[in-house]
Amino acid sequence: MTISGRPLGELLRDWRRTRGMSQLDLSIEAGVSARHLSFVETGRSRPSPELILRLAEQLDVPLTERNTMLLAGGYAPAYPSHELSDPELAPVRAAVRQILDGHSPYPALLIDQHWHLVEANPAVALLTAGAEPRLLTPPINVLRLSLHPDGMAPRILNLPEWCAHLLHRLRQQAVATNDPALYELHEELRGYPGGNGHAAPISDAVSRVVIPFRYRYNDQELAFFSTTTLFGTPLDVTVAGLAVEAFFPAGPATTETLHALAKA
């Protein structure tokens, strides 16, 4: 949890400006008068915890920062933060394991809000083979592992295209969450080499639909597209930050190769 020591009104105003909303816009969406909202932002009025959460909901504030806003308002946090190993999250662990195992022999992994690897199925090892051991030492940041010159980057055949995609996605996440750690990671990854030239698309059909991930495994080329799965309506800070990244074959050759490797 972020303990900022900043007044509630200041936190609220910053999130409202980040979302590009005026006081009038937010007051209408939250069902509160613009005058009362102005008083809350200037510290002249102390809102109820229910109002704080309603405003935070309209501003799509991350659960961690909603807790921070409640603390700044003098109230207890509303959202717990469990370790993934805690008994309370046993159903979550079981669901994730089912997704990861069921996706084999295709790669799938679970990451947290800062892109640290939490779990993975065996097929992910096909992609990380050849990376420097220090990049595979926990905590493993999958973006750093992917784009670092000593990681997977030398084997990504369309590195400039894939790098641009990942950086754009990371930037969007940083803006949405106002998380300094994500901004720092973005700046770090921007400094990595982006590869030389653009590889030709796998096929017209694939390139028109998704950005492919083209990877050299030994003397073979593997081609994937990826999906991201989030937990719906999370009420736990840890669960809210989890995402399953799953890679699907972008052509029959990759499908055949992965099934053959799984049987070997």
Side-chain angles (χ1 to χ4, degrees), residues 1 62-65 79-148 151-153 155-156 162-163 165-174 176-177 179 181-182 184-186 188-189 210-213 215 217 222 224-250 254 258 261-262:
M1 187 183 307
L63 299 191
T64 303
E65 299 308 317
Y79 302 98
S81 180
H82 293 94
E83 295 293 332
L84 195 56
S85 58
D86 288 348
E88 290 84 352
L89 297 190
V92 172
R93 293 196 305 273
V96 169
R97 194 70 261 167
Q98 183 176 354
I99 294 173
L100 297 183
D101 291 344
H103 197 66
S104 292
Y106 312 136
L109 59 155
L110 178 69
I111 58 173
D112 67 15
Q113 71 273 21
H114 292 130
W115 292 82
H116 292 128
L117 180 66
V118 180
E119 288 192 57
N121 67 11
V124 171
L126 299 176
L127 304 180
T128 60
E132 287 289 331
R134 61 189 174 85
L135 295 173
L136 296 172
T137 301
I140 302 170
N141 186 282
V142 299
L143 291 186
R144 183 179 294 115
L145 174 62
S146 298
L147 301 180
H148 197 284
M152 297 165 53
R155 290 169 292 282
I156 299 177
W162 190 249
C163 179
H165 161 68
L166 292 183
L167 288 177
H168 176 70
R169 183 174 168 189
L170 178 58
R171 175 71 182 182
Q172 285 185 317
Q173 183 184 354
T177 61
D179 191 328
L182 295 179
E184 291 175 9
L185 180 61
H186 184 269
E188 175 191 338
L189 300 183
V210 293
I211 296 176
F213 172 61
Y215 197 74
Y217 176 74
L222 303 178
F224 301 93
F225 63 89
S226 64
T227 65
T228 304
T229 302
L230 305 175
F231 286 88
T233 62
L235 293 176
D236 181 275
V237 171
T238 300
V239 176
L242 296 176
V244 174
E245 297 286 327
F247 290 83
F248 291 83
T254 298
L258 292 177
L261 289 172

Under the side-chain contact (heavy atoms from CB on, under 4.5 Å) criterion, do Leu109 and Val142 qualify, and how do the steps go?
-> CA-CA 10 Å; Leu109 59 155; Val142 299; 3.6 Å; yes
For His116 and Ile140, what are the C-alpha separation, side-chain angles and deciding distance, and is it a side-chain contact (heavy atoms from CB on, under 4.5 Å)?
-> CA-CA 5 Å; His116 292 128; Ile140 302 170; over 6 Å; no
I would like to know whether His103 and Phe248 meet ring-ring contact (aromatic ring centres under 6.0 Å, His included); could you show each step before the answer?
-> CA-CA 9 Å; His103 197 66; Phe248 291 83; 4.5 Å; yes
Check the pair Trp115 / Leu170 against side-chain contact (heavy atoms from CB on, under 4.5 Å), numbers first and verdict last.
-> CA-CA 9 Å; Trp115 292 82; Leu170 178 58; 3.9 Å; yes
Verify side-chain contact (heavy atoms from CB on, under 4.5 Å) between Asp179 and His114, making sure each step is shown before the conclusion.
-> CA-CA 9 Å; Asp179 191 328; His114 292 130; 2.6 Å; yes
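Put simply, the side chain of Val244 reaches to within 4.5 Å of the side chain of Leu100, judged on heavy atoms. Inter-residue side-chain proximity for Leu242 and Ile111 is flagged as unmet; no heavy-atom pair is nearer than 4.5 Å. Counting heavy atoms from C-beta outward, Leu182 and Thr177 have side chains that approach closer than 4.5 Å. Contact check for Thr254 versus Tyr215: no side-chain heavy atoms found under the 4.5 Å cut-off.
The CD1 atom of Ile99 sits 6.0 Å away from the OG1 atom of Thr229 when rounded to the nearest 0.5 Å. The CD atom of Glu132 lies 9.0 Å from the NE2 atom of His148; values are rounded to the nearest 0.5 Å. Between Leu110 atom CG and Leu117 atom CG the span is 8.0 Å, to the nearest 0.5 Å. In this structure, CG in Leu189 is found 11.5 Å from CD in Glu184, a value given to the nearest 0.5 Å. Distance CD/Glu188 to CG/Leu147: 10.0 Å, rounded to 0.5 Å.
The two residues Val124 and Ala120 come nearest to each other via the heavy atoms CG2-CB, 3.8 Å. When every heavy atom of Ala243 is checked against every heavy atom of Leu230, the shortest pair comes out as CB-CD2, 3.5 Å.
In summary, Arg169 and Glu245 engage in a salt bridge, as defined by a charged side-chain N under 4.0 Å from a carboxylate O.
Phe225 and Phe213 have their aromatic ring centers separated by at least 6.0 angstrom.
Applying the 6.0 Å contact sphere to CZ of Arg171 captures no more than 12 heavy atoms from other residues, nucleotides or ligands.
Between Phe247 and Trp162, the ring-plane angle classifies as tilted under the 30° and 60° cut-offs.
Contacts classified as salt bridge (Lys or Arg N to Asp or Glu O under 4.0 Å) and involving residues 102-114 (residues at least two apart or in different chains) are not found.
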